[in-house]
Structure formats: structure tokens, C-alpha cells
Amino acid sequence: MKKILIVLLVSVVSAGLNAQEPKISGAKLWKTLTEVTYEISKDEYGDVYLPVFSKEIQAVEGQEVEVDGYIIPFEGMFKPTQLIISSLPISECFFCGSGGPETVMEVTMKEQIKYTTKRIRIRGKLALNKKDPDKLMYILKDGVFAGLAYDSY
């Protein structure tokens with residue numbers, strides 16, 4: 001019986017050590033993501049604004065982060081594994097209101113998520129899009145639903 005308890009205890013402790021804490025989350029993450037400037041480039045259609053990410057943003061690229069925000073429906077419907085999350089409610093987001101492109105993020109979920117109008121939290125790895133004008137500049141990969149965001153700022 002003692003051996004079983006020891007093995008169980010060791011398993012629980014090692015699982016806790018392997019669980020990766022987000023490098024940055026919540027309001028601090030969104031504030032960091034505002035530290036972006038733009039340079040003008042050209043493509044076959046004319047001028048394109050390409051993001052120039054600050055050192056602080058580049059430091060979290062590829063890291064586990066936890067983003068909180070609102071699901072923004074796009075293309076007329078919600079996709080349960082591909083979504084856009086905004087730091088601002090839909091009436092103020094980049095697509096519908098006064099927010100800038102730094103206030104939204106593409107998210108690819110590992111599992112389907114149900115649509116809600118409530119503020120949610122999602123964990124995943126942050127990727128930076130420096131060149132593709134057809135995608136958002138912030139992309140969260142391997143997203144996992146982490147619950148509702150109860151705090152507001």
C-alpha cells in the first residue's frame with residue numbers, strides 16, 4: 001500500500017512540475033502587444049503596413065501565454081476550432097469599433113470550444129506574423145480553454 005501511495009504522490013508532483021505556467025497573461029499580455037510599430041512595404045496591390053515588434057513582444061514569441069478576451073464571430077459564423085479573440089468587446093473591437101489591430105488575435109484550438117459572449121481565457125503558444133497581410137499579426141497556436149475571465153481591467 002505504501003508503494004502505491006509513493007508512486008501516486010511522485011506522479012502527481014511530476015505532473016505539476018511539467019505543467020507549463022504561462023510566461024505572461026491577461027492585461028499584462030495585451031499591454032505588451034500594443035508595443036508594435038509599422039513600416040510601409042509594397043506588394044502587388046500597393047502599400048502594405050508590416051508590423052515591427054518590440055523586444056518585449058519578441059521575447060514572448062513561441063512561449064506559452066494565457067490570453068483573455070471575447071470571441072469575435074467572423075465570416076458570418078463562429079468556427080469552434082478557429083476563432084478570433086479580442087481584448088475588447090465586439091462593439092469596440094478592431095473589426096467593429098475603435099480598437100487597433102494589436103487588440104485581436106487568431107486562435108487555433110486543440111479542441112472545439114462553445115461560443116459565448118462572456119470574456120474567456122485561452123492558453124497556447126504565441127506566434128508573430130511579420131509578413132502575411134491576409135492573417136492577423138498575433139496568432140495563438142494549440143489553444144486550450146482555461147475558463148471564464150472573472151477579472152476585468
Side-chain angles (χ1 to χ4, degrees), residues 14-153:
S14 27
L17 292 175
N18 290 333
Q20 191 174 11
E21 284 298 312
K23 180 163 182 147
I24 188 171
S25 62
K28 187 175 180 182
L29 173 62
W30 284 116
K31 184 174 181 340
T32 300
L33 297 180
T34 65
E35 298 171 11
V36 62
T37 57
Y38 302 91
E39 65 182 21
I40 299 175
S41 184
K42 298 227 183 258
D43 69 4
E44 65 268 19
Y45 302 107
D47 290 345
V48 170
Y49 288 84
L50 297 177
V52 178
F53 300 108
S54 69
K55 289 179 183 176
E56 291 78 14
I57 295 172
Q58 291 177 38
V60 293
E61 182 175 22
Q63 300 293 318
E64 181 85 11
V65 298
E66 185 173 281
V67 62
D68 62 76
Y70 300 92
I71 296 173
I72 304 300
F74 62 98
E75 294 183 19
M77 61 187 287
F78 167 72
K79 295 180 180 178
T81 57
Q82 298 283 102
L83 55 115
I84 294 175
I85 192 166
S86 172
S87 64
L88 303 170
I90 193 165
S91 62
E92 300 173 32
C93 85
F94 174 61
F95 302 104
C96 306
S98 59
E102 71 282 354
T103 64
V104 290
M105 182 181 296
E106 288 182 42
V107 180
T108 303
M109 299 292 293
K110 281 186 174 181
E111 297 179 359
Q112 291 189 357
I113 184 173
K114 290 184 179 180
Y115 177 77
T116 180
T117 58
K118 295 179 181 170
R119 191 175 187 85
I120 62 169
R121 294 179 295 127
I122 299 175
R123 281 191 181 187
K125 291 198 187 272
L126 182 66
L128 304 178
N129 172 24
K130 300 170 183 140
K131 302 237 181 216
D132 187 352
D134 294 328
K135 297 186 119 333
L136 297 178
M137 63 183 162
Y138 299 121
I139 301 169
L140 193 69
K141 296 180 177 181
D142 300 324
V144 176
F145 179 71
L148 294 177
Y150 296 105
D151 60 334
S152 59
Y153 37 91

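Only heavy atoms go into these numbers, but all of them, side chains included; no hydrogens, no water, no symmetry mates.
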Checklist outcome for this item: Sorted by chain and residue number, the side chain to side chain contact (heavy atoms under 4.5 Å, CB included) partners of D134 (sequence neighbours excluded) come out as D132
Checklist entry - Can you tell me if S54 uses its side chain to pair, donor with acceptor, with the backbone of I57 under 3.5 Å? => result yes
Item to check | Step-by-step side chain to side chain contact (heavy atoms under 4.5 Å, CB included) determination, M109 to Q82 | outcome: CA-CA 6 Å; M109 299 292 293; Q82 298 283 102; over 6 Å; no
Non-hydrogen side-chain atoms of [X] and [Y] separated by less than 4.5 Å:
X: R123; Y: E21; value: yes
X: I85; Y: I120; value: yes
X: L29; Y: S87; value: no

Drop me the distance from [X]'s [atom1] to [Y]'s [atom2], to the nearest 0.5 angstrom.
X: L126; Y: K23; atom1: CG; atom2: NZ; result: 11.0 Å
X: F94; Y: I84; atom1: CZ; atom2: CD1; result: 9.5 Å
X: K130; Y: Q58; atom1: NZ; atom2: CD; result: 6.0 Å
X: K131; Y: S41; atom1: NZ; atom2: OG; result: 7.0 Å
X: Q63; Y: I24; atom1: CD; atom2: CD1; result: 10.5 Å
X: T103; Y: W30; atom1: OG1; atom2: CH2; result: 6.5 Å

Checklist entry - Shortest non-hydrogen contact from F53 to L128? => result CE1-CB, 3.8 Å
Next on the checklist: Apply side chain to side chain contact (heavy atoms under 4.5 Å, CB included) to residues D47 and K42 and explain how you reach the verdict.
Outcome noted: CA-CA 5 Å; D47 290 345; K42 298 227 183 258; 2.6 Å; yes
Next on the checklist: Tell me every residue that passes ring-ring contact (aromatic ring centres under 6.0 Å, His included) with Y115, counting only those two or more places apart in sequence or in another chain.
Outcome noted: F78
Distance-only criterion, 3.5 Å: show the donor-acceptor pairs between side-chain atoms of residues 136-147 and protein atoms not counting sequence neighbours.
| residue | atom | partner | partner atom | Å |
| --- | --- | --- | --- | --- |
| Y138 | OH | L33 | O | 2.7 |

Item to check | Y49 vs I40, side chain to side chain contact (heavy atoms under 4.5 Å, CB included): CA-CA, chis, key distance, verdict | outcome: CA-CA 5 Å; Y49 288 84; I40 299 175; 3.6 Å; yes
Item to check | Member of R119, K118, R121, K28 meeting the salt bridge (Lys or Arg N to Asp or Glu O under 4.0 Å) criterion with D68 | outcome: R119
Checklist entry - Side-chain donor-acceptor pair under 3.5 Å between E111 and T81, yes or no? => result no
